[in-house]
Amino acid sequence: MKGRFIEACVNGHLSAIEAEKGGARRVELCAALPEGGTTPSYGEIIMTVKSIGIPVNVIIRSRAGDFNYSRSEIDVMSEDIRICRKAGAHGIVIGALTPDGEVDMEACRRMIEAAEGKMSVTFHRAFDMAVDPFRAAEQIIALGCHRILTSGQANSAYEGRELIGKLVKRYGDRIIFMPGCGVKASNILEIEKATGAVEFHMSGKGEIDSAMKFRNPKVSMGGEVKIDEYKKVLTSAEAIRAAVSA
């Protein structure tokens with residue numbers, strides 16, 4: 001893909017449809033967005049690929065939490081990658097770290113090998129938890145990844161824009177750096193100017209009310225952690241469109 005564009009982080013095929021309507025040119029499909037994203041179901045992958053006409057990259061993350069994985073967890077994620085390939089996904093979004101905060105080269109190689117050279121590979125925001133972003137960038141380039149999704153090791157891409165700009169300047173001819181986390185219409189232009197990035201990652205999520213008429217106020221599916229079962233998170237085509245316009 002050429003030119004500046006937005007990748008929308010979506011939680012399912014319905015959100016992917018809205019993202020495409022808003023002008024996103026690629027989606028990253030995730031489950032469990034509040035936990036940073038985990039691998040979605042096989043059915044959701046298939047439906048998303050079928051439902052839209054833009055590329056679908058699937059996050060490969062077996063659980064929430066840190067990015068140091070056991071051998072069996074890497075086995076699980078490698079199988080998920082094979083499923084994504086068979087389902088027609090365009091790419092995968094991976095990442096793994098050693099206990100010392102270095103890129104886990106062996107784990108990442110195993111996952112990349114599962115793609116059999118037929119998929120785009122993005123290194124996700126495990127990069128933001130690495131001990132040295134410049135050394136991590138060199139390691140990820142050596143793996144052959146196509147891009148790095150990053151907030152610039154800050155709580156948002158806007159806050160981390162200075163580091164992202166340095167990374168783009170040093171490595172931008174070897175790998176794509178894609179700012180993500182907190183990107184929106186009101187700040188995307190400033191992030192672009194500060195970083196020189198051409199791909200941007202955002203969720204543009206909104207809430208819609210549940211169709212349920214009967215609502216039991218005494219029970220929460222989150223147990224002691226109170227959640228609202230009667231709100232659905234859905235990507236907003238309008239939010240994506242506003243960022244595209246900006």
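- Scanning all heavy atoms of the two residues, the minimum distance from Ala31 to Pro40 falls at CB-CA, 3.9 Å.
- With rounding to the nearest 0.5 angstrom, the CZ atom of Phe127 is 11.5 Å from the SG atom of Cys145.
- The heavy-atom pair separating Arg135 from Glu102 by the smallest distance is NH2-OE2, 2.7 Å.
- Ion pairing between a basic and an acidic side chain is recognised when a charged N comes within 4.0 Å of a carboxylate O; Glu162 and Lys166 show such pairing.
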### Query
Should Lys232 and Glu207 be marked as a salt bridge (Lys or Arg N to Asp or Glu O under 4.0 Å) after you check the CA-CA gap, both sets of side-chain angles, and the distance that decides it?
CA-CA 5 Å; Lys232 296 180 181 180; Glu207 286 187 342; over 6 Å; no
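- Between Arg26 and Glu199, at least one side-chain N (NZ, or NE/NH1/NH2) sits under 4.0 Å from a carboxylate O, which counts as a salt bridge.
- Taking CE from Met77 and OG from Ser72, the interatomic distance works out to 9.5 Å, rounded to the nearest 0.5 Å.
- Atom CE of Met129 sits in a sparse spot, with 12 or fewer heavy atoms from other residues, nucleotides or ligands closer than 6.0 Å.
- Nearest approach of Ile60 to Cys84, heavy atoms of both residues: CD1-SG, 3.8 Å.
- The two residues Ala19 and Val27 have their closest heavy-atom pair at CB-CG1, 4.1 Å.
- Remark: the backbone N or O of Gly182 is paired with a side-chain donor or acceptor of Asn187 at under 3.5 angstrom.
- For the side-chain hydrogen bond (donor to acceptor under 3.5 Å, both in side chains) with Thr122, the qualifying choice from Glu7, His201, Arg147 is Arg147, the only one to do so.
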### Query
Going through the checks in order, is the salt bridge (Lys or Arg N to Asp or Glu O under 4.0 Å) test met by Arg82 and Asp75?
CA-CA 11 Å; Arg82 294 183 184 97; Asp75 288 341; over 6 Å; no
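- Under the 6.0 Å cut-off for aromatic ring centres, His124 and Phe67 qualify, their centroids lying closer than that.
- Comment: Glu18 does not engage Arg241 in a salt bridge, judged by the lack of any side-chain N to carboxylate O separation of less than 4.0 angstrom.
- If you chain together hydrophobic residues whose side chains sit under 4.5 Å apart, Leu149 and Val168 never meet in one group.
- Rounding to the nearest 0.5 angstrom, the gap separating the CD atom in Glu229 from the CZ atom in Arg215 is 10.5 Å.
- Side-chain N or O atoms of Glu190 include none that pairs as donor or acceptor with a backbone N or O of Arg161 at under 3.5 Å.
- Electrostatic pairing of Glu116 and Arg85 counts as a salt bridge here, judged by a charged N lying under 4.0 Å from a carboxylate O.
- Side-chain atoms of His90 do not come within 3.5 Å of backbone N or O of Val56 as any donor-acceptor pair.
- Minimum interatomic distance between Cys108 and Phe123 (heavy atoms only, all atoms of both residues): SG-CE1, 3.7 Å.
- Pro133 and Leu167 get closest at one heavy-atom pair: O-CD2, 4.1 Å.
- Looking only at distances, a side-chain donor or acceptor of Asn68 sits under 3.5 Å from a matching main-chain atom of Leu97.
- A salt bridge is absent between Lys231 and Asp228; no separation between the charged side-chain nitrogens and carboxylate oxygens falls under 4.0 Å.
- Going from atom CG of Leu143 over to atom CZ of Arg109 covers 6.0 Å, rounded to the nearest 0.5 Å.
- The structure places CG of Asp104 at 9.5 Å from CD of Gln139, a figure rounded to the nearest 0.5 Å.
- Counting non-hydrogen atoms of neighbouring residues, nucleotides and ligands closer than 6.0 angstrom, the CG atom of Asn155 reaches no more than 12 such neighbours.
- Rounded to the nearest 0.5 angstrom, Ile240 CD1 and Ser245 OG are separated by 11.5 Å.
- Contact check on Asp66 versus Arg63 returns a salt bridge, with a Lys/Arg side-chain nitrogen under 4.0 Å from an Asp/Glu carboxylate oxygen.
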